[in-house]
Each structure stands twice: as structure tokens, then as C-alpha cells.
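Report on the structure given below.
None of these values were measured; they are calculated from a predicted model.
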Number of protein chains: 4
Amino acid sequence: MTKTSMDITKRTSIGAQRNPASETAILDAAEEILRESGLGGFSIEAVARRAKAGKPTIYRWWPSKAALLLDVYHRQKGETFYADTGDTRKDLVAFLEALLGFWRTNGGEIFRSIIAAAQSDPEALIALRDYAVTRCRSSGVILARGQARGEVRGDFDPEPIMELLSGFCWNRLLTGRLEVSPGEIETIVDALMGGLSSTSR
Amino acid sequence: MTKTSMDITKRTSIGAQRNPASETAILDAAEEILRESGLGGFSIEAVARRAKAGKPTIYRWWPSKAALLLDVYHRQKGETFYADTGDTRKDLVAFLEALLGFWRTNGGEIFRSIIAAAQSDPEALIALRDYAVTRCRSSGVILARGQARGEVRGDFDPEPIMELLSGFCWNRLLTGRLEVSPGEIETIVDALMGGLSSTSR
Amino acid sequence: MTKTSMDITKRTSIGAQRNPASETAILDAAEEILRESGLGGFSIEAVARRAKAGKPTIYRWWPSKAALLLDVYHRQKGETFYADTGDTRKDLVAFLEALLGFWRTNGGEIFRSIIAAAQSDPEALIALRDYAVTRCRSSGVILARGQARGEVRGDFDPEPIMELLSGFCWNRLLTGRLEVSPGEIETIVDALMGGLSSTSR
Amino acid sequence: MTKTSMDITKRTSIGAQRNPASETAILDAAEEILRESGLGGFSIEAVARRAKAGKPTIYRWWPSKAALLLDVYHRQKGETFYADTGDTRKDLVAFLEALLGFWRTNGGEIFRSIIAAAQSDPEALIALRDYAVTRCRSSGVILARGQARGEVRGDFDPEPIMELLSGFCWNRLLTGRLEVSPGEIETIVDALMGGLSSTSR
DNA sequence: CTTTAAGCGAGACGGTACGTCATGTCTTACG
DNA sequence: CGTAAGACATGACGTACCGTCTCGCTTAAAG
């Protein structure tokens with residue numbers, strides 16, 4: 001059920017300002033190509049062809065392939081909420097399942113394309129880094145809430161822990177192993193919450 | 001002091017068999033290019049040019065860019081040993097520092113290129129997955145030893161935990177943040193060993 | 001000292017009529033670009049940029065690149081006078097030297113651009129043809145005066161002869177050999193006046 | 001009756017050497033495009049498309065559009081012979097009629113394209129100049145023969161005179177007036193041979 | 001002791017995509 | 001309605017690599 005904008009009307013300039021119809025068409029096209037052919041088939045030419053847009057129009061608004069990828073990703077990701085059940089363990093499990101689940105349905109193909117692009121494009125790398133850091137910081141709220149409740153030890157910076165968890169997900173995404181069983185997730189969260197040391201019991 | 005094979009002698013066929021001199025020259029060239037220009041400058045053409053090899057010679061032995069990258073990585077990685085100090089905490093810290101340290105010195109540039117290549121090459125993805133899984137399994141020995149010593153709880157499968165840790169490293173590698181302070185590493189290992197839950201103390 | 005109109009005042013519409021300031025600015029810009037970069041750098045975009053005019057303003061008044069070129073040429077050529085010393089030989093030499101001299105100083109760059117443009121623009125070709133024919137006809141006055149004086153044979157139509165001479169100049173212009181020595185000009189005029197045949201002496 | 005090579009066989013490399021089939025196909029395509037659409041439709045892309053050749057193949061062998069044009073011109077012009085009837089007047093008339101006649105049948109379209117291209121491409125200008133100079137020098141043989149026979153005055157350099165005549169032809173070509181009547185040609189040659197001066201009778 | 005068969009370097013081939021530029025048309029906002 | 005501004009779709013530019021090919025050679029193994 002693609003939401004492609006298949007209006008017959010010919011798109012053209014609407015004056016000295018960005019044409020939202022073109023922007024939409026380009027992002028739609030980019031998303032579709034990515035979904036259908038992956039990063040391999042993703043080229044500015046192909047996007048322009050499919051969107052019936054001129055290459056300069058794309059380059060005008062997106063300086064690099066990676067910039068376009070990021071826009072596609074952001075657009076289809078929408079807002080992110082972190083479950084707040086009052087139980088940190090459950091919240092962490094929900095976090096992991098939500099992330100892996102989203103990646104399993106289209107989002108993953110796009111995000112791994114972004115990561116790949118960032119490995120040969122310094123600007124994309126910076127964008128990706130900023131995104132990743134921000135993401136880990138904001139998801140840290142799950143642990144911060146636990147700390148506020150006294151449920152979680154207060155002598156930890158939540159951020160590196162969230163890096164641990166999202167790193168796990170990245171690893172799975174990038175090696176094509178997104179089908180993580182609920183059991184595995186529980187194992188990880190349990191280990192993290194309870195600690196590995198036998199003396200910590 | 002690079003070990004580049006700068007022999008003046010003109011390389012040619014040595015009969016109906018693979019010429020090791022060519023193989024070496026190609027892998028050397030590939031490694032150098034990767035080190036100097038990163039994945040962006042890495043192309044079969046460039047490798048052939050630098051190695052003074054014919055393109056078909058490369059294609060004959062390495063079916064894809066990713067296959068060549070993997071060979072380069074394996075060649076320069078050598079054997080991996082996991083410290084065994086009798087203290088799991090120290091062993092984990094050493095593991096993380098060794099991995100990040102190796103990536104900081106050349107290895108990282110190559111490995112992130114491999115990850116990127118794998119995102120658009122199914123065969124490379126399989127190779128990467130196999131490598132990653134094997135790696136996590138073998139590094140699990142650190143925890144297994146702890147379990148054998150009774151230092152670490154025995155009701156855990158070590159593998160997902162090592163995925164957690166290596167995932168953290170992947171994340172840092174792929175976002176260009178390999179400069180991890182010893183403090184951060186300690187924090188992570190401490191959290192993992194001690195557990196986050198305030199009741200686990 | 002170029003007479004470029006560098007007025008700071010912002011040019012804008014002066015109502016529902018052609019703005020002469022814009023016209024001047026555009027012609028100035030076109031002339032300067034042609035002088036500085038030749039036909040290669042001459043584009044409607046470049047002219048608009050330099051004249052600080054909108055592209056549609058140019059397209060409104062000059063239907064094609066060639067039309068603009070012709071306007072530039074006409075504007076800077078001014079009236080043409082043909083020397084009348086009473087000696088046809090001298091008048092012809094003066095004619096050739098004046099034409100080549102004018103082309104050597106800016107005019108040539110523009111005119112050869114016009115000729116080039118006319119080769120792929122039918123309208124420009126017609127304009128160029130009309131101009132060339134008119135020019136040869138009017139310069140024919142040099143020979144007509146000689147005929148009136150009895151100095152030149154009367155059984156010739158002056159026009160083809162002037163085509164011969166101006167054709168020589170075109171050839172030199174279009175092959176970048178405008179530096180014609182006075183001796184060469186004399187040779188040509190002498191040959192033409194005296195005839196090549198040894199029996200005509 | 002186009003001599004297009006319409007072989008179905010797929011053209012490919014024949015080793016580390018120029019493929020004559022490709023060269024022929026490219027020149028054929030270029031010539032056809034020029035004949036059909038003139039300089040306006042002549043682009044490297046269009047030639048490549050029509051010749052079913054890669055753009056780099058064209059750029060490999062012809063550094064510029066003008067180089068390709070010149071090759072096309074030379075190929076279809078073949079050898080040039082200058083009539084030798086023993087009568088200089090007749091030889092000159094034949095020379096003019098042959099040149100104008102050749103230009104009337106395809107050759108002209110190509111040559112005026114070359115002239116146009118040379119006006120914005122310095123390298124093409126040099127090539128054109130060399131060609132024009134060589135051509136005038138070699139056609140000077142017509143007058144030189146007359147001088148040897150004693151039919152033509154010996155105190156003239158033939159070259160500038162031939163420039164006069166070919167200049168006339170260029171003028172006609174570039175203004176689209178190749179339909180020169182035999183009478184006009186006779187007039188010009190007569191004037192040149194007999195001289196304009198009334199005292200030269 | 002020859003064939004023969006494969007590997008080698010070289011590099012040309014038809015392609016595709018790159019990122020930039022100019023084209024001529026369009027709409028805006030302003031005067 | 002004319003203007004400056006500039007976005008738009010289009011398409012050519014010249015370059016870099018892609019993966020395939022054929023060449024002319026070298027050399028070890030097979031006959």
C-alpha cells in the first residue's frame with residue numbers, strides 16, 4: 001500500500017521558492033528505490049528518474065546522497081516515544097523490541113544504507129554521529145526514570161549503557177540478524193539489570 | 001615502515017597457476033589505498049593501477065570488492081588472543097581496549113569498509129555475519145572462564161553478552177568515535193558486572 | 001575605460017514598459033563577457049548574472065542568443081565611412097585596414113561569435129546574410145567612385161569584388177589571423193587592380 | 001544511400017588496441033547526425049547513442065567535439081585534385097565550382113559546423129587554421145603552374161590570391177549562399193585575371 | 001621436447017552514475 | 001504589466017569505475 005503521489009499534473013516551478021511537491025516526490029522515489037533495490041540501486045540519477053525531477057533540483061536541496069538518505073529515514077521514522085511502564089526492565093525490553101521491530105519493517109534497509117554511506121562520506125559520518133549520540137542521550141531517559149524511582153543505581157551515566165544496547169541492535173542490523181527472539185532480549189536485559197558477577201546476587 | 005613489495009622485476013605469468021607475487025602486490029596495494037584514502041578511494045581500478053596488475057587478474061581471484069576487503073582484513077589481523085588474568089573484569093576491559101586499539105591503528109578503516117561493502121553485497125554480508133558470530137562465540141571464552149571459576153553467574157549464555165560489548169565497539173567504529181576513554185570502558189564493564197538494579201547490590 | 005553602468009540603484013520595473021536601464025545593463029554585460037571570455041563563456045545565464053537581470057527579462061526582448069549578439073555588434077559598430085582619397089587603390093587598402101583593425105580591437109570577437117551562432121540558428125543566419133550583403137553593396141561605393149572617375153573599368157559589378165575582399169577578411173577573422181601585414185594587403189590590392197594575367201600589362 | 005554499418009554483431013574490445021569497427025561506427029553516426037540535424041543536434045552524447053558506443057570511447061580518441069568534426073570532414077572529403085587544363089582561368093573557375101559544389105552536397109554542413117566550433121574552442125581554431133593555411137598553399141599550385149607557363153605574372157605570391165578566392169567561398173558558405181551562378185564565378189575570375197584598373201588594358 | 005593451457009600485464013570496450021552547467025519556462029513578490 | 005529572483009524539468013558536459021573482452025607474452029605441466 002504505497003502512498004506514492006501519482007498525480008498526473010506536471011510539476012514545475014512555483015516561483016523563487018522550494019516546491020513541496022518536488023520534495024515529496026523525490027523523497028517518495030528515494031524511499032521506494034531503497035525498499036525495492038537497496039543501497040545498490042540507489043543513485044541520484046535513479047531517484048531523479050523515478051521522481052521525474054531534475055538532478056540539479058536534488059542537488060540543490062540535498063548536498064549528498066547521505067543527506068537524502070537521512071531525510072528519508074527521518075521522514076518515515078516519525079516521533080519516537082519510550083515506553084514508561086514504571087518497570088525499567090520492561091521499558092528496556094520494549095525499547096529493544098521497538099527498535100528491532102521498526103528496522104524489520106523497511107526502516108532497517110534505509111538505516112543500514114545510511115551507515116554504509118557514512119563510511120565513505122565524511123559529512124554523512126558527522127550527521128550519523130550526531131544522530132546516534134542524540135538518540136542514545138534521549139533514550140537514556142528510560143534509565144534516568146528508573147534512577148529517579150530508585151529502581152536503578154544512581155551512580156551510572158545512562159548514556160554509555162544505552163550505547164551498549166543500541167550497539168547490539170546495530171550489530172544485528174548490519175549482519176542481517178534482526179530476527180532476535182524475545183528470549184534473547186530478555187537474557188540481555190536481565191544480565192544488564194542483574195549483573196554478571198555471582199557476588200552481586 | 002611498510003612492507004610494500006617494491007621489486008623492480010616485471011611480474012608476469014609463472015605458468016598455469018596463481019602467481020603469489022601478484023597476489024601479494026594486490027593485497028599490499030589494496031591495504032595501502034584503504035589506509036590512505038579510505039573506502040572512497042578504494043576501487044578495483046585503483047588497486048590494479050597501484051599494484052601494476054591487470055584488472056582481470058583481480059577479478060579472477062576475488063569475485064567482488066568485498067572479497068578483496070575481507071582478504072586484506074584477515075591478512076593483517078593475525079591471531080587473536082584473549083587475556084586471561086584470572087579476573088573477568090580485567091579480561092573484559094582488556095578485550096575492549098585491544099579491539100578499539102587495533103581499530104584505531106589501521107584495522108578500523110579496513111573493517112568499517114567491509115561493513116559498508118556488506119550492506120550492498122549479499123555474499124559479503126554472509127561472510128561478515130559468519131565472521132561476527134564466530135568472533136563473538138570465541139570471545140565468549142572470557143566469560144566462560146569466569147563461569148568455570150565461579151566468578152561469573154552460570155545461568156548466562158556468554159555469546160549475547162559479548163555481542164553487547166562488540167556491538168558497542170561497532171557503534172563507536174561506525175560513528176568515528178574510537179577514542180574511548182579508559183573511564184568509559186570501566187563504567188561499562190562495571191555496570192555489566194555489577195548490574196544496574198539497585199536491589200542487585 | 002569601459003563605460004559600464006555601475007549604478008548602485010536597484011533596477012526594477014518602471015511600469016508596463018521596457019526599462020532602458022535594463023536594456024543597457026544587459027548589452028553592457030553581454031559585450032564585456034564576449035570581450036573577456038569569448039563565445040565560450042557567453043551564455044544567457046552569464047549575461048543575466050552580470051547584468052543583475054532576470055533571465056526572463058532577456059528572453060522577453062531577445063528571442064535568441066544570436067539576436068543579443070547582433071544587438072551588441074550593431075550598438076558598438078556605429079557608422080561606417082569609406083575613405084575617398086581619389087585613388088581607388090588607396091581606398092581599397094584603407095578599407096581592408098579599417099575592417100581588420102576594427103576586428104582586432106574587440107569588434108572581431110563579437111562578430112566571429114555572431115557568425116558561429118548563425119551556423120546553428122536559421123534566424124541568425126538570415127540576419128547575418130542580410131547584413132553581409134548590405135555591407136558588400138554599400139562598400140561597393142569605393143569601386144563605383146573609381147568607375148565614375150574612369151580610373152576603374154566600368155564593365156564590372158562592384159559587389160562580387162567586394163565580396164572577394166571581405167571574404168578574405170572573414171577567412172582571417174575566423175582562423176585567428178587578423179595580424180595582416182601592410183605588405184600582404186598591398187599585394188592583394190595590387191593583384192586585384194593590376195590583374196594576374198601577364199598579357200594584361 | 002547511406003553506407004551505415006548496421007551489423008548486428010555486438011562490438012567489443014579486441015584487446016589493448018583501437019577497435020576500427022567502433023571508430024567507423026562513431027564517424028558514421030557523427031556524419032549522419034550532422035547531416036540530419038546540423039550542428040544543433042550534434043553532441044557527443046547523441047553520437048555515442050547512435051553509434052552504440054560508450055562516451056569514454058569517443059573521448060579516448062577525439063579530445064574535443066571539433067576533433068571529431070574534423071575527422072568526419074576529412075574522411076568524406078577524400079583527396080583533392082586541382083584541374084590542370086593548361087588555362088589558368090579555366091582552372092580557377094573549376095576550383096571554385098568544385099569547392100562550392102562539394103559544399104552544396106553535404107560537405108558544407110559539416111565544414112560550417114567546424115568553423116562554428118572553432119570559434120569557441122581554441123584547439124579547434126588551431127586545427128582549422130592549419131587546415132586552411134595548408135589548403136590555400138596547396139591550391140596555390142594552380143597559379144604556380146600558370147606562372148611556370150608564363151601565363152601568369154611571376155611577381156606574385158600565389159597564396160594570398162588563393163585566400164581571396166577561398167575567402168569568397170567561406171563567405172558564401174557561412175551566409176548560406178552557396179548557389180553561385182557560373183556567371184558570378186566567371187566575373188570574379190575575369191576581374192582577378194584581367195585586373196580592375198582601366199590602365200591595365 | 002614439444003604442444004597446450006592457463007596466468008599475466010595491458011588496455012579498449014559498452015555502460016552507468018557522477019556532479020555541474022546552461023537551456024528556456026514558470027511563478028512569485030514587488031513596484 | 002514589467003521587473004529581479006530563482007526554482008523547475010531537461011539534457012549535455014567530461015570523468016571515473018564498472019565488469020568483460022581480447023591481445024601478446026610467459027611458463028609450467030601434459031602428452
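- Put simply, Ser22(C) has a side-chain N or O that comes within less than 4.0 Å of OP1 or OP2 on dA4(F).
- Between Ile26(B) atom CD1 and dA10(E) atom C1' the separation is 14 Å, expressed in whole Å.
- Atom CH2 in Trp62(B) sits roughly 13 Å away from atom C1' in dC8(E) (whole-Å rounding).
- For the pair Thr57(D) and dG14(E), the criterion of a side-chain N or O lying under 4.0 Å from OP1 or OP2 is met.
- Distances shorter than 4.0 Å separate some side-chain N or O of Trp61(C) from OP1 or OP2 on dT3(F).
- Counting to the nearest Å, the C1' atom of dA9(F) and the CZ atom of Arg49(A) are 15 Å from each other.
- The distance between atom CZ of Arg18(D) and atom C1' of dT22(F), rounded to the nearest whole Å, is 18 Å.
- Using a 4.0 Å cut-off between charged nitrogen and carboxylate oxygen, Glu109(D) and Arg35(D) do not count as a salt-bridge pair.
- Between Glu36(A) and Arg50(A) there is a salt bridge, since a side-chain N of the basic residue sits under 4.0 Å from a carboxylate O of the acidic one.
- Ala53(B) comes within 4.0 angstrom of sugar-phosphate atoms only, judged by non-hydrogen atoms across all strands, and of no base.
- When rounded to the nearest whole Å, the span between CD1 of Ile44(A) and C1' of dA17(E) equals 10 Å.
- Contact annotation: the side chain of Leu128(B) never approaches that of Leu70(B) to less than 4.5 Å [non-hydrogen atoms, C-beta and beyond].
- For Lys52(C) and dA5(F), the shortest distance from a side-chain N or O to OP1 or OP2 is not below 4.0 Å.
- You'll find that the side chain of Ser13(D) is closest to dC13(E), out of dC13(E), dC13(F), dC18(F).
- For the pair Arg75(A) and Asp28(A), the minimum side-chain heavy-atom distance is below 4.5 Å.
- Distance CZ (Arg11(B)) to P (dA10(E)): 8 Å, rounded to an integer number of Å.
- The nucleotide whose nearest atom lies closest to any side-chain atom of Arg60(A) is, among dA12(E), dA7(F), dG2(F), dA7(F).
- The distance from atom CG of Asn19(D) to atom P of dG14(E) is 7 Å, rounded to the nearest whole Å.
- Applying the 4.0 Å criterion to OP1 and OP2 of dG14(E), one finds that Thr12(D) has every side-chain N and O outside that range.
- Nucleotide dA12(F) holds its P atom 14 Å from the CZ atom of Arg50(D), rounded to whole Å.
- Heavy atoms of Glu45(D) sit under 4.0 angstrom from at least one base atom.
- In this structure, the nucleotide among dA5(F), dT23(E), dG11(E) sitting nearest to the side chain of Pro56(C) is dA5(F).
- The side-chain heavy atoms of Ile14(D) and Pro20(D), taken from C-beta on, include a pair separated by under 4.5 Å.
- Lys55(D) has no side-chain polar atom (N or O) that falls below the 4.0 Å cut-off from OP1 or OP2 of dT16(E).
- A residue-by-residue look at Ala16(D) and Ala46(A) shows that Ala16(D) has its nearest nucleotide of DNA chain E further toward the 5' end.
- When the nearest nucleotides of DNA chain F are assigned to Ile14(D) and Gly54(C) by heavy-atom distance, the more 5′-ward of the two goes with Gly54(C).
- Side-chain contact between Phe42(A) and Lys65(A): present, with at least one pair of heavy atoms (C-beta onward) separated by less than 4.5 Å.
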